[in-house]
Amino acid sequence: MTMKTIKNDREREIDRTGRAQSPSADVVDRLAGLLPEEALQDALKGLAPEEITGPGGLLTQLAGRVIETALGAELSEHLGHPPGGRPTGANVRNGSGAKTVKTDLGPVDVRAPRDRDGSFEPRLVGKRQTRLAGLDDKILALYAGGMTVRDISAHLAELYDVQIGRDTISTVTDAVLEDIAAWRSRPLERVYPIVYFDAMFVKVREDRSVRSRACYLAMGVTCDGDREVLGLWWQETEGAKFWLAVLNDLRRRGVDDVLIACVDGLKGFPEAIEATFPQTWVQTCIVHLIRSSLRYVNYRDRKKVASALRPIYTAANADQALAELERFEGEWGAAYPPTVAAWKTSWDYVTPFLALPEDLRRAVYTTNTIEGLHRQIRKAIKTRGHFPDEQAATKLIYLAILKAEGRWQKNRAWTSARAALKIHFEDRFPG
């Protein structure tokens with residue numbers, strides 16, 4: 001089960017702007033036939049704007065009539081005969097009850113039809129339901145955009161004149177918890193050519209204090225070049241020991257092989273990967289390595305040192321890169337030995353990408369791909385000083401991931417990358 005499958009399981013999908021899917025052209029044409037333009041102009045003649053779109057206006061009244069008609073049609077289907085028709089059994093219509101339904105247009109008053117034995121279960125507006133599905137979708141879209149429960153309640157009251165309590169909004173957002181549980185345990189692909197690993201820190205309240213907790217994320221690239229977030233995990237802090245648990249979870253969910261793992265240089269992490277996936281190429285993020293090695297360099301020399309490092313990671317192959325490292329050590333090693341040591345210590349995990357062609361090098365030499373996801377998540381959570389608990393943080397991060405995934409575009413250079421992967425990894429790459 002992929003994330004896309006889980007998203008499609010929802011009764012209604014939300015597009016990138018948070019709007020529900022539009023009705024088909026056939027439905028629009030049918031309504032146009034029922035409401036000719038001339039008759040519509042006559043109906044609107046002399047009405048003030050607020051009498052058309054305001055609370056209790058023409059649009060809300062029309063929406064009420066449409067809902068009532070749809071409920072009446074559902075009841076006719078349930079009873080097996082239309083109003084005034086011959087009953088096919090003992091169960092017949094039993095009047096109607098008044099209820100107010102909260103919609104995108106504002107509160108709509110409807111008369112919900114009933115049957116005598118109470119077996120009628122309407123689908124459009126269920127028993128005790130006071131909101132149409134589209135409003136729930138908007139609540140989730142606003143929540144995914146980073147708005148707090150309090151802000152959403154105020155926004156809906158101002159925009160739609162609908163009063164929805166914070167407890168109700170929390171209940172709506174809690175509806176995604178089942179999706180999250182299924183997503184976090186879903187089966188994964190057998191082979192991922194590239195997987196990016198990185199953690200971000202999120203402030204969560206615990207025991208009357210606010211602490212930064214590590215949210216572990218893994219993003220895989222499938223054999224078809226599609227990006228997919230493989231899961232999220234929580235821990236007090238980031239460490240290689242818990243990354244080992246994450247890797248074992250990926251294996252339990254069906255991942256047999258990872259061709260290239262891109263990491264940020266965390267101590268002990270490459271060894272954890274090799275213990276779980278022995279054949280995997282571990283690639284340290286070159287950008288992280290440059291930043292960490294420049295910390296030992298005086299500010300006045302940083303540009304010169306960064307320029308001198310460039311021939312190392314742009315070399316044609318590993319042998320040339322080693323020669324450039326030796327040249328760099330001869331030029332700057334005496335002044336900044338920790339900088340040289342940083343590269344030498346990580347050397348086995350610096351050079352794997354140099355065996356790849358240019359298109360594939362750009363994809364694996366840095367963890368910027370998953371850090372881009374972090375930026376999109378932080379954009380959603382930046383309005384929160386902290387989360388009340390881990391579950392609340394998980395909900396928002398999951399919704400932010402769904403929103404980000406909908407915007408991702410397929411890698412146009414994947415055809416050449418696929419060929420390179422097949423050449424270098426042969427039968428290990430099934431694509």
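Any value given below was found using the heavy atoms of this structure, including those in side chains, with hydrogens, waters and symmetry copies removed. All figures in this text were calculated on a predicted structure; none of them were measured in a lab.
Here the NZ atom belonging to Lys379 is positioned 7.0 Å from the NZ atom belonging to Lys403, to the nearest 0.5 angstrom. In this structure, the separation between CG on Leu75 and CG on Leu79 is 4.0 Å, given to the nearest 0.5 Å. To the nearest 0.5 Å, atoms CG (Leu289) and CZ (Arg291) are separated by 11.5 Å. The distance from the CG atom of Leu247 to the CZ atom of Arg252 is 10.5 Å, given to the nearest 0.5 Å. Separating the CD atom in Glu371 from the CG atom in Leu217 is a distance of 11.5 Å, to the nearest 0.5 Å. Considering CG of Leu399 and OG1 of Thr394, their distance stands at 11.0 Å, rounded to 0.5 Å.
For Thr366, the side-chain hydrogen bond (donor to acceptor under 3.5 Å, both in side chains) partners are Asn368, not counting sequence neighbours. In terms of the side chain to side chain contact (heavy atoms under 4.5 Å, CB included) criterion, residue partners of Leu177 (sequence neighbours excluded) are, by chain and number, Asp174, Ile180, Gln391, Lys395. In this structure Pro388 satisfies the side chain to side chain contact (heavy atoms under 4.5 Å, CB included) test together with Ala392, sequence neighbours excluded. Looking at residues two or more places apart in sequence or on another chain, you find no salt bridge (Lys or Arg N to Asp or Glu O under 4.0 Å) involving Arg378. Under the side chain to side chain contact (heavy atoms under 4.5 Å, CB included) criterion, Glu271 pairs with Tyr349, sequence neighbours left out. Taking the side chain to side chain contact (heavy atoms under 4.5 Å, CB included) definition, one finds that Glu236 meets it with Glu206, Arg213, sequence neighbours left out.
The backbone N or O of Ile260 lies less than 3.5 Å from no partner atom in the side chain of Thr280, so there is not a single donor-acceptor pair. With hydrogens and angles ignored, the 3.5 Å screen pairs a side-chain donor or acceptor of Ser293 with a backbone N or O of Ile290. Checking side-chain atoms of Asp198 against main-chain N and O of Ile370 turns up no donor-acceptor pair under 3.5 Å. With Gln283 contributing its side chain and Phe353 its backbone, the two residues share a donor-acceptor pair below 3.5 Å. Arg361 contributes no side-chain N or O that, together with a main-chain N or O of Glu358, makes up a donor-acceptor pair within less than 3.5 Å. With hydrogens and angles disregarded, no donor-acceptor distance shorter than 3.5 Å links the side chain of Asp226 to the backbone of Thr222. In this structure a side-chain-to-backbone donor-acceptor pair under 3.5 Å is missing from Asn298 to Arg300. Without hydrogens or angle criteria, Thr276 side chain to Ala272 main chain gives a donor-acceptor distance under 3.5 Å.
Smallest separation of non-hydrogen atoms from Met200 and Ile381: CE-CD1, 4.3 Å. Ala98 approaches Arg111 most closely through the heavy-atom pair CB-NH1, 3.2 Å. Closest of all the heavy-atom pairs between Trp414 and Gly225 is NE1-N, 3.2 Å. When every heavy atom of Thr351 is checked against every heavy atom of Ala318, the shortest pair comes out as CB-CB, 4.1 Å. Minimum interatomic distance between Leu421 and Pro193 (heavy atoms only, all atoms of both residues): CD1-CB, 3.7 Å. Scanning all heavy atoms of the two residues, the minimum distance from Ala315 to Leu354 falls at O-CD2, 3.6 Å.
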Tell me, with the steps shown, if Ile273 and Val263 meet side-chain contact (heavy atoms from CB on, under 4.5 Å). CA-CA 10 Å; Ile273 295 172; Val263 299; 3.5 Å; yes
For Val204 and Val210, run side-chain contact (heavy atoms from CB on, under 4.5 Å): C-alpha distance rounded to whole Å, both residues' side-chain angles, the deciding distance at 0.1 Å, then the answer. CA-CA 6 Å; Val204 178; Val210 177; over 6 Å; no
Arg418 vs Phe429, test: side-chain contact (heavy atoms from CB on, under 4.5 Å). Steps then yes/no. CA-CA 9 Å; Arg418 183 199 294 267; Phe429 180 66; 3.5 Å; yes
Evaluate the side-chain contact (heavy atoms from CB on, under 4.5 Å) criterion for residues Tyr216 and Leu232: first the C-alpha distance (whole Å), next the side-chain angles of each, then the deciding distance (0.1 Å), finally the verdict. CA-CA 5 Å; Tyr216 289 64; Leu232 65 88; over 6 Å; no
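Tyr398 and Asp179 form no side-chain donor-acceptor contact under 3.5 Å, judged by distance and modelled atom types alone. Side-chain atoms of Ser119 and Asp117 form a donor-acceptor pair, as typed in the model, at a separation below 3.5 Å. Checking Asp359 against Ser416 by side-chain atom types alone, a donor-acceptor pair falls below 3.5 Å. Counting only N and O atoms by type, the side chains of Thr339 and Trp332 include no donor and acceptor under 3.5 Å apart.
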Show me the donor-acceptor pairs within less than 3.5 Å that the side chains of residues 302-313 make with the rest of the protein, sequence neighbours left out.
unit_1	atom_1	unit_2	atom_2	d
Arg302	NE	Leu294	O	3.4
Arg302	NE	Val297	O	3.1

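Sorted by first and then second residue, the ring-ring contact (aromatic ring centres under 6.0 Å, His included) pairs involving residues 359-394 (not counting sequence neighbours) form an empty list. For residues 244-297, every residue pair satisfying the ring-ring contact (aromatic ring centres under 6.0 Å, His included) rule, not counting sequence neighbours, is listed here: Phe197-Phe269, Trp243-Phe269, Trp281-Phe425. Sequence neighbours left out, the pairs with a member in residues 332-353 that pass salt bridge (charged side-chain N to carboxylate O under 4.0 Å, His left out) are Glu329-Lys344. Sorted by first then second residue, the side chain to side chain donor-acceptor pair (under 3.5 Å) pairs that include residues 419-431, not counting sequence neighbours, are Asp257-Arg428. Residue pairs meeting the salt bridge (charged side-chain N to carboxylate O under 4.0 Å, His left out) criterion with at least one partner in residues 272-290, sequence neighbours excluded, are absent.
The closest side-chain heavy-atom distance from Thr367 to Val287 is not below 4.5 Å. Side-chain contact between Val195 and Val221 is absent, with no heavy-atom pair separated by less than 4.5 Å. At least one side-chain heavy atom of Ile194 sits under 4.5 Å from a side-chain heavy atom of Leu360. Taking the side chain as every heavy atom from C-beta outward, Arg227 and Met219 approach each other to under 4.5 Å. In this structure the side chain of Val202 reaches within 4.5 angstrom of the side chain of Trp234, judged on heavy atoms. With a 4.5 Å cut-off on side-chain heavy atoms, Arg190 and Pro430 count as touching. Here the side chains of Thr237 and Phe201 are in contact, with some heavy-atom distance below 4.5 Å. Here the side chains of Val255 and Glu189 are not in contact, with every heavy-atom distance at 4.5 Å or above.
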